[in-house]
A.B. asks: 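This is the structure I have questions about; it appears just below.
Being a predicted model, the structure only gives us computed values, none of them experimental.
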Amino acid sequence: MSTANTMRAISQDVLGGPEVLKEVEIDRPTPGPSEVLVRVRAAGVNPTDWKHRATGGFLGQPPFVLGWDVSGVVEAVGVGVTLYEPGDEVFGMLPYPFGHGSHAEYVTASARSFAPKPAGIDHTEAGALPLVSLTAWQALVDTADLRPGQRVLIHAAAGGVGHVAVQIAKARGAYVIGTASAGKHEFLRDLGADELIDYRENDFTEAVRDVDVVLDTIGEENTFRSLRVLREGGIVVSILPMGREELYKEAAALGVRAARMLVEADHAGMRSVADLVDAGKLRATIAGTFPLADAAEAHALGDTGRTTGKLVLTVD
């Protein structure tokens, strides 16, 4: 049980499968200068969480508390904070990768890691949005400068990042093509996708041409193959930042561009996401919700790679 100075969190002592996750009691953080203390009401679970759980990723060896998505209520503010006061509802992404820790009852971060939570959605949906929305926004808008009328191909379009990217691209006035299994096509049409490719039955390099922007959420050879569907001057943006350096040489030889990006905490980006939510142009699809104590079950479902939308932990 948590106390005035402690909190519940999901931690691990070793790398491995979902079974290594356990509920622990740790010290409750206090906000430093320019920081806020947020009582977490919901926190998304993303592929980066189960990858770090299994491999350590950027974080190395445990113990650590995972989680970057946050929706909650400001509990206290540090010196110099002017954006929020206790009681404000906020949502946002902790600085990636070393600001992790949202799979807990409380978290501290820079006040500008957050934005006011849209009033029209609950904490569960708000907690599902930050990391995937900022990833899609930074890839499509900040990096690719997606414009009205352009053609965009989104790989794994029914996934966490993908289904949000479809909506952001449509809000930007783009023609949206997505890859997904046939059973997810109706879902994606409802989100606004204009054209869909069943990756199990069709090779996307033969099914589509003259694309301005490719958002690649898969990486490896998929990134290289995506170069060949771009029109001259087009760009493929991979959200997996590691890979062979030959990508850039091959892109240049084809007269196209390539970029590998890592999502960043971003106050302005979160405000843009909130504006889309308020305008009814963006929503999160929730694949499953789990109490904080059942985080291992959420990870086990995520490990299947077959979810549509987002997994979310809820915190009483």
A.B. asks: If you count the non-hydrogen atoms of other residues, nucleotides and ligands that lie under 6.0 Å from CD in E195, is the total more than 12?
C.D. replies: yes
A.B. asks: Name each donor-acceptor pair under 3.5 Å that joins a side chain in residues 157-165 to protein atoms two or more places apart or in another chain, with its distance.
C.D. replies:
from : atom 1 : to   : atom 2 : distance (Å)
H163 : ND1    : G159 : O      : 2.9
H163 : ND1    : G160 : O      : 3.0
H163 : NE2    : T285 : N      : 3.0

A.B. asks: Would S226 and H155 count as a side-chain hydrogen bond (donor to acceptor under 3.5 Å, both in side chains) here? Give the steps.
C.D. replies: CA-CA 9 Å; S226 294; H155 287 295; 3.0 Å; yes
A.B. asks: Are the charged groups of D216 and R225 less than 4.0 angstrom apart, N to O?
C.D. replies: no
A.B. asks: Do the side chains of T48 and Y96 get nearer than 4.5 Å, heavy atoms only?
C.D. replies: yes
A.B. asks: Hey, does H100 have a side-chain heavy atom less than 4.5 Å from the side chain of F64?
C.D. replies: yes
A.B. asks: Rounded to the nearest 0.5 Å, how far does CZ of F204 lie from OG1 of T179?
C.D. replies: 7.5 Å
A.B. asks: What distance do M7 atom CE and I26 atom CD1 have between them, rounded to the nearest 0.5 Å?
C.D. replies: 3.5 Å
A.B. asks: Under 4.5 Å between any side-chain heavy atoms of M270 and P130, yes or no?
C.D. replies: yes
A.B. asks: So R53 and L21, do their side chains get closer than 4.5 Å, heavy atoms only?
C.D. replies: yes
A.B. asks: Give a yes or no on whether a salt bridge exists between K117 and D122, defined as a side-chain N under 4.0 angstrom from a carboxylate O.
C.D. replies: no
A.B. asks: If you define the side chain from C-beta out and look only at heavy atoms, does anything of I168 sit under 4.5 Å from W137?
C.D. replies: yes
A.B. asks: Classify the ring geometry between H52 and W68 as parallel (under 30°), tilted (30 to 60°) or perpendicular (over 60°).
C.D. replies: tilted
A.B. asks: Hey, could you give me the CD1/CD1 distance between I239 and I218, rounded to the nearest 0.5 Å?
C.D. replies: 9.5 Å
A.B. asks: Under a 4.0 Å N-O cut-off, is there an ion pair linking D210 with R151?
C.D. replies: no
A.B. asks: Taking D145 first and then R147, would you say they form a salt bridge - that is, a charged N and a carboxylate O separated by under 4.0 Å?
C.D. replies: yes
A.B. asks: Please determine, by modelled atom types, if T6 and E25 share a side-chain donor-acceptor pair under 3.5 angstrom.
C.D. replies: yes
A.B. asks: Check for a donor-acceptor pair, side chain of D49 on one end and backbone N or O of L66 on the other, with a separation under 3.5 Å.
C.D. replies: no
A.B. asks: Would you mind reporting whether V277 and L129 have side-chain heavy atoms less than 4.5 Å apart?
C.D. replies: yes
A.B. asks: Counting only heavy atoms not in E246, do more than 12 fall under 6.0 Å of its CD?
C.D. replies: yes
A.B. asks: Within the distance-only criterion (no hydrogens, no angle test), does the side chain of E75 pair as donor or acceptor with the backbone N or O of R39 below 3.5 angstrom?
C.D. replies: no
A.B. asks: Can you sort out the partners of K184 under salt bridge (Lys or Arg N to Asp or Glu O under 4.0 Å), two or more places apart, ordered by chain and number?
C.D. replies: none
A.B. asks: For V14, is there any backbone N or O sitting under 3.5 Å from a side-chain donor or acceptor partner on Q12?
C.D. replies: yes
A.B. asks: Do T304 side-chain atoms and L301 backbone N/O form a donor-acceptor pair below 3.5 Å?
C.D. replies: yes
A.B. asks: Anything under 3.5 Å between a donor and an acceptor, one on a side chain of residues 306-316, the other on a protein residue two or more places apart or in another chain? List them.
C.D. replies:
from : atom 1 : to   : atom 2 : distance (Å)
K310 : NZ     : N46  : OD1    : 3.1
K310 : NZ     : D69  : OD2    : 3.1
K310 : NZ     : A128 : O      : 2.6

A.B. asks: Checking S113 side chain against A109 main chain: does a donor-acceptor pair fall under 3.5 Å?
C.D. replies: no
A.B. asks: Salt bridge or not for E23 and R8, using N-O below 4.0 Å?
C.D. replies: yes
A.B. asks: Distance from R28 atom CZ to T108 atom OG1, nearest 0.5 Å?
C.D. replies: 12.0 Å
A.B. asks: Below 3.5 Å, can you tabulate the donor-acceptor pairs from side chains in residues 248-262 to any protein atom, sequence neighbours excluded?
C.D. replies:
from : atom 1 : to   : atom 2 : distance (Å)
E250 : OE2    : R228 : NH2    : 2.9
R257 : NE     : G233 : O      : 3.3
R257 : NH2    : G233 : O      : 3.3
R260 : NH1    : R244 : O      : 3.3
R260 : NH2    : R244 : O      : 3.0

A.B. asks: What residues form a salt bridge (Lys or Arg N to Asp or Glu O under 4.0 Å) with R189, not counting sequence neighbours?
C.D. replies: none
A.B. asks: Looking only at heavy atoms, which two atoms of V211 and L153 are closest? And how far apart?
C.D. replies: CG1-N, 3.8 Å
A.B. asks: What pairs of donor and acceptor atoms, side-chain ones from residues 79-94 against any protein atom, are under 3.5 angstrom apart with sequence neighbours left out?
C.D. replies:
from : atom 1 : to   : atom 2 : distance (Å)
Y84  : OH     : F114 : O      : 2.7
Y84  : OH     : A115 : N      : 3.4
D88  : OD2    : E85  : N      : 2.8
E89  : OE2    : H123 : NE2    : 3.1

A.B. asks: More than 12 non-hydrogen atoms from neighbouring residues, nucleotides or ligands closer than 6.0 Å to CD on E19, yes or no?
C.D. replies: yes
A.B. asks: Give, for atom NE2 of H299 and atom CD1 of I10, the distance between the pair rounded to the nearest 0.5 Å.
C.D. replies: 8.5 Å
A.B. asks: Nearest 0.5 Å, what's the CZ-CG distance between R283 and D190?
C.D. replies: 7.0 Å
A.B. asks: Has the side chain of S102 got a donor or acceptor atom that lies under 3.5 Å from a matching backbone atom of V70?
C.D. replies: no
